[in-house]
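Sequence lines set the chain letters: A, B, ... in the order given, protein chains first and strands last, and positions in each chain run from 1. Every value quoted in this text rests on a predicted model; they were computed, and no experiment measured them.
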Protein chains: 2
Amino acid sequence: MQKLREGGFLVSKIKQVSGRIFDKKLREHQITDLNTGQGRIIFSLWQKDQVPISELVIQTALSKTTLTSMLDRLEQTEYITRKMDEKDKRKIIVSLTQKSKSLKEQYEAVSHEMISVFYEGLSEEEIDRFEKTLNHILLSLSKYEEDYK
Amino acid sequence: MQKLREGGFLVSKIKQVSGRIFDKKLREHQITDLNTGQGRIIFSLWQKDQVPISELVIQTALSKTTLTSMLDRLEQTEYITRKMDEKDKRKIIVSLTQKSKSLKEQYEAVSHEMISVFYEGLSEEEIDRFEKTLNHILLSLSKYEEDYK
DNA sequence: GTATTTTAGTACTATATAGTACTATTGTCA
DNA sequence: TGACAATAGTACTATATAGTACTAAAATAC
């Protein structure tokens, strides 16, 4: 008899609640024209700027169709720009604007606040182990999706 | 210097990828008119049926406005019914239909497949610890949201 | 070197998600 | 018991998310 597992269910719930809290915190910090979903894209670009959309598909785990419309909005609000890759004209290079670069410090303050709530009452060791497991699971899932598409 | 943490970012990505895989698996198992999001609500009702919407807010971690429209659709497709609570007329009691009850076995088969992918390569002990941490985090976040609303 | 396949991205459509503002019912307290 | 506050849910609106079907460019095969 297999034990009842509900990791996916728990992950969904955590994502839901933490997203709502994060959005509220962004607004409290006067960041009104950016939300959690868009933040994930900007966050990824802070790690590595000037990438094609296909790279963002990997880094954010969003589908490319989702990214197309989110990038539309981020372009409208001047957080990113798109330009064609001259070497490979199928590709679109996404870059951060000055506006989004100057937001980084403030955004990181919100992230730190959020992490405090998220990991409330857990030791550094527990957090390390937890994030190691998260990375492992994400890798398994991504491989699976890649293989079965 | 605080260590860089990205639990929330990882959770979002896992939710995204696992949701896409789960949706695909549902379709492979001929469950075409139900998706992951709706499944979360039905799953919750299998644990405890005939509950007001406010209870589903807690069990699914969705907002009540989200639930209103999702229940509309689930009612249309005859997975649930709504009736007024005679004792407290502000409340609406949500119940499973025969259709959703008879789906349970098949849905659980998909869940088990999904869990195999999700926890690929992890020991029972690691999974136990991981789910314990998830429950802890969900509790912290829910309390926080409750207190600051 | 053309034909085919693969890759990169978008348009369109449908559903998921949540916020704000609202109605109706119940609870509270002077 | 009547005014006010709290609770339960919905209507409306905006954005997030992804699937299907498409176009264009590059890579590959013969």
Side-chain angles (χ1 to χ4, degrees), chain A residues 12-13 15-24 26-28 32-42 51-58 60-77 79-80 82-94 145-146 149, chain B residues 12-13 15-24 26-28 32-42 51-58 60-77 79-80 82-94 145-146 149:
Chain A
S12 293
K13 291 200 263 188
K15 196 266 180 181
Q16 227 63 251
V17 183
S18 61
R20 287 195 299 261
I21 295 173
F22 199 83
D23 273 340
K24 192 170 283 185
L26 285 172
R27 271 176 262 120
E28 281 168 9
T32 53
D33 61 347
L34 199 67
N35 59 33
T36 306
Q38 297 170 334
R40 266 159 73 193
I41 298 170
I42 304 285
V51 293
I53 296 177
S54 48
E55 172 82 18
L56 288 175
V57 166
I58 299 164
T60 63
L62 295 167
S63 71
K64 64 179 182 176
T65 51
T66 297
L67 278 164
T68 293
S69 44
M70 295 197 70
L71 292 173
D72 284 348
R73 203 172 308 279
L74 286 169
E75 198 172 23
Q76 267 173 23
T77 48
Y79 280 108
I80 61 119
R82 285 194 262 213
K83 63 168 187 276
M84 189 190 284
D85 185 343
E86 285 304 327
K87 286 171 241 148
D88 184 343
K89 288 179 182 167
R90 292 171 307 178
K91 290 187 184 172
I92 302 282
I93 303 296
V94 179
E145 190 180 37
E146 179 63 27
K149 88 178 161 194
Chain B
S12 293
K13 291 200 264 188
K15 197 264 179 182
Q16 227 63 252
V17 183
S18 60
R20 287 195 298 261
I21 295 172
F22 199 82
D23 273 340
K24 191 171 285 186
L26 284 172
R27 270 176 262 120
E28 280 169 10
T32 53
D33 61 348
L34 198 66
N35 59 33
T36 306
Q38 297 171 335
R40 266 159 73 194
I41 297 171
I42 304 285
V51 294
I53 296 177
S54 49
E55 172 82 18
L56 288 175
V57 166
I58 299 164
T60 62
L62 296 167
S63 71
K64 64 180 183 175
T65 50
T66 297
L67 278 163
T68 292
S69 43
M70 294 197 72
L71 292 173
D72 284 348
R73 203 172 308 278
L74 286 169
E75 199 172 21
Q76 268 172 25
T77 47
Y79 280 108
I80 60 121
R82 287 194 262 214
K83 64 167 186 276
M84 189 190 285
D85 185 342
E86 285 304 327
K87 286 172 240 151
D88 184 343
K89 289 180 181 166
R90 292 170 307 181
K91 292 186 183 170
I92 302 282
I93 303 296
V94 179
E145 190 180 38
E146 179 65 24
K149 85 177 161 196

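Between D:dA16 and B:Gln16, no contact under 4.0 Å exists linking OP1 or OP2 to a side-chain N or O.
For the residue pair A:Ala61 and B:Val17, the shortest heavy atom distance occurs at CB-CG2, 3.7 Å.
Applying the side chain to side chain contact (heavy atoms under 4.5 Å, CB included) test to B:Ser63 and every residue at least two apart in sequence or in another chain returns A:Arg20, B:Thr65, B:Thr66. Residues satisfying the side chain to side chain contact (heavy atoms under 4.5 Å, CB included) criterion with A:Glu55, sequence neighbours excluded, are A:Lys48, A:Val51, A:Pro52, A:Gln59. Applying the side chain to side chain contact (heavy atoms under 4.5 Å, CB included) criterion to B:Ser12, with sequence neighbours excluded, gives A:Lys15, A:Arg40. By the side chain to side chain contact (heavy atoms under 4.5 Å, CB included) test, A:Asp23 is found to be paired with A:Leu26, A:Arg27, A:Asn35, A:Thr36, residues two or more places apart in sequence or in another chain being considered.
Distance from the side chain of B:Lys91 is smallest to D:dA8 among C:dA16, D:dA8, C:dG9. When the nucleotides D:dA6, D:dT15, C:dT17 are ranked by their closest atom to the side chain of B:Arg90, D:dA6 comes out on top. Nearest to the side-chain atoms of B:Lys89 among the listed nucleotides C:dT15, D:dA16, C:dT25 stands C:dT25. Closest approach to the B:Lys15 side chain among C:dG9, C:dT17, C:dT6 is made by C:dT17 (side chain taken as heavy atoms from C-beta onward).
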Are any protein N/O atoms closer than 3.5 Å to N/O atoms in nucleotides 19-23 of chain D? If there are, list each pair with its distance.
from	atom 1	to	atom 2	distance (Å)
D:dG19	N7	A:Thr65	OG1	3.0

Between N or O atoms, less than 3.5 Å apart, protein on one side and nucleotides 2-4 of chain C on the other: list the pairs.
none

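As a whole-Å value, the separation of B:Leu74 CG from C:dA16 C1' is 12 Å. Atoms CD1 (A:Ile93) and P (C:dG9) sit 8 Å apart, rounded to a whole Å.
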